[in-house]
There are 2 protein chains.
Amino acid sequence: MASFKGQAAYSVDSKGRVAIPAKMRGSLAPSAKSTFTMTRGFERCVFLYPLDAWERMEGEIAGLNMYSKQSRDFVRTILMWADEVTLDAQGRVPLARPLMEFAGITDKALIIGALDHIEIWDPEVFARYLEEQQSDYETLAEKVMGG
Amino acid sequence: MASFKGQAAYSVDSKGRVAIPAKMRGSLAPSAKSTFTMTRGFERCVFLYPLDAWERMEGEIAGLNMYSKQSRDFVRTILMWADEVTLDAQGRVPLARPLMEFAGITDKALIIGALDHIEIWDPEVFARYLEEQQSDYETLAEKVMGG
DNA sequence: GGAGAATTCCCCACTTTCCCCCACTTGTCC
DNA sequence: GGACAAGTGGGGGAAAGTGGGGAATTCTCC
């Protein structure tokens, strides 16, 4: 399985393309080829799943109880934003307009590895996200990983 | 498993490379090869995990529930700073720019063994860290180890 | 249904960064 | 004091990132 990590600031060109860092491309599973599904992420960003991780996600979604309205709402939201994209010869993906608008991305993007997926943020939106965190990293680690 | 100990002051060259002391390189597990993952440490320093220790860490991270915001906050932070590096033929690792800035490292670095990982500090930052400790070594020992 | 406009996709070329290798200096151990 | 290992520094080549031109496709409006 892929294990994305690291951060990189890239420019989004006039055609709405962003490069995916070579290190992240290198950690793709061969079965994932160059295909991704991008969709709306948690907090104000875009999630980019390689093919294999997305299929796992689809499995989880398919297992939800569709007689619950909350499940339907969740599934509709994640799927209505979803878009399948492939890397071009230069290792870039095109960003769909609705997702760019949702994430507030214009001409710069921050690419962040998040283990099974890649996140694409507008740099300023991300800076604000960091500021808004209640706990610092050390406290967070203690809470999450068990102190 | 590796058991890093000791301290050593090294210079960081113009290309952002630091040597890892030969003694620490010698205590690497063979399975770790020459591969490390460096990431943001606690307090203002860089953590360097050999491959085997990092894989254990990744396993813990992958087990977190990503539908909890606190978990996402933590995972984003630890992974966005993470970078996989390998020793060059001279036993050095390259320091990623963002990590150097975070840790305040410029041209000198203090390498400290910390059992399962190695810590890289800016010498001045580390001196200040020592000064700021409220308890002396003996008191600390009593609190932590249970006197 | 057809023409024009806009968009997408594919490819090529330039620039910059990174990585690998080689050589020198310093330190340590016998 | 000599030999070897450890640490420091820099140059060249390959790869990664950036930008743009042109063909094909789709969309829209008449």
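Protein chains get the first letters and strands the later ones, always in sequence-line order, with residue 1 at the start of each. Bear in mind that the values here come from a model prediction, so they are computed numbers and not experimental data.
- Between D116(B) and Y49(B), some side-chain heavy-atom pair lies under the 4.5 Å cut-off.
- Taking only side-chain nitrogens and oxygens, S11(A) never comes nearer than 4.0 Å to OP1 or OP2 of dG17(D).
- The two residues R44(A) and W121(A) have their closest heavy-atom pair at O-CE3, 3.8 Å.
- Residue-level contact check: P21(B) touches the backbone only, with heavy atoms under 4.0 Å from sugar-phosphate atoms and none from bases.
- Protein atom CG of D83(B) is 10 Å distant from nucleotide atom P of dC18(C), rounded to whole Å.
- For R17(B), whose side chain is taken as the heavy atoms from C-beta onward, the closest listed nucleotide among dC20(C), dT8(C), dG19(D) is dC20(C).
- Nearest to the side chain of A22(A), among dT8(D), dG21(D), dG17(D), sits dG17(D).
- For K15(A) and dT8(C), the NZ to P distance is 11 Å, given to the nearest whole Å.
- Checking the phosphate oxygens (OP1, OP2) of dG17(D), a side-chain nitrogen or oxygen of Y10(A) falls inside 4.0 Å.
- Here dT17(C) presents its C1' atom at 12 Å from NZ of K23(A), a figure rounded to the nearest Å.
- Between P94(A) and A89(B), the one whose closest nucleotide on DNA chain C sits nearer the 5' end is P94(A).
- We find that CE of M24(B) is positioned 10 Å from P of dG7(D), with the value rounded to whole Å.
- For the pair L95(B) CG and dC19(C) C1', the computed distance is 15 Å after rounding to whole Å.
- With respect to K108(B) and E124(B), no salt bridge is recorded, no charged nitrogen being found less than 4.0 Å from a carboxylate O.
- R25(A) has its CZ atom 13 Å from the P atom of dA15(D), to the nearest Å.
- Side chains of F36(B) and W54(B) form no contact here, defined as non-hydrogen atoms less than 4.5 Å apart.
- Between I20(A) atom CD1 and dT18(D) atom C1' there is a gap of 15 Å when expressed in whole angstrom units.
- Remark: E84(B) does not engage K23(A) in a salt bridge, criterion side-chain N to carboxylate O under 4.0 Å.
- The distance from atom CG of D88(A) to atom P of dG17(D) is 12 Å, rounded to the nearest whole Å.
- Residue contacts shown for R97(B) are absent, as no nucleic acid heavy atom lies under 4.0 Å away.
- Dashed line: the shortest gap from a side-chain N or O of R92(B) to OP1 or OP2 of dC19(C) is not under 4.0 Å.
- When distances are taken from the side chain of Q90(B) to each of dC22(C), dC9(C), dC12(C), the shortest belongs to dC22(C).
- For K108(B) against dG7(D), no side-chain N or O and base N or O form a donor-acceptor pair under 3.5 Å.
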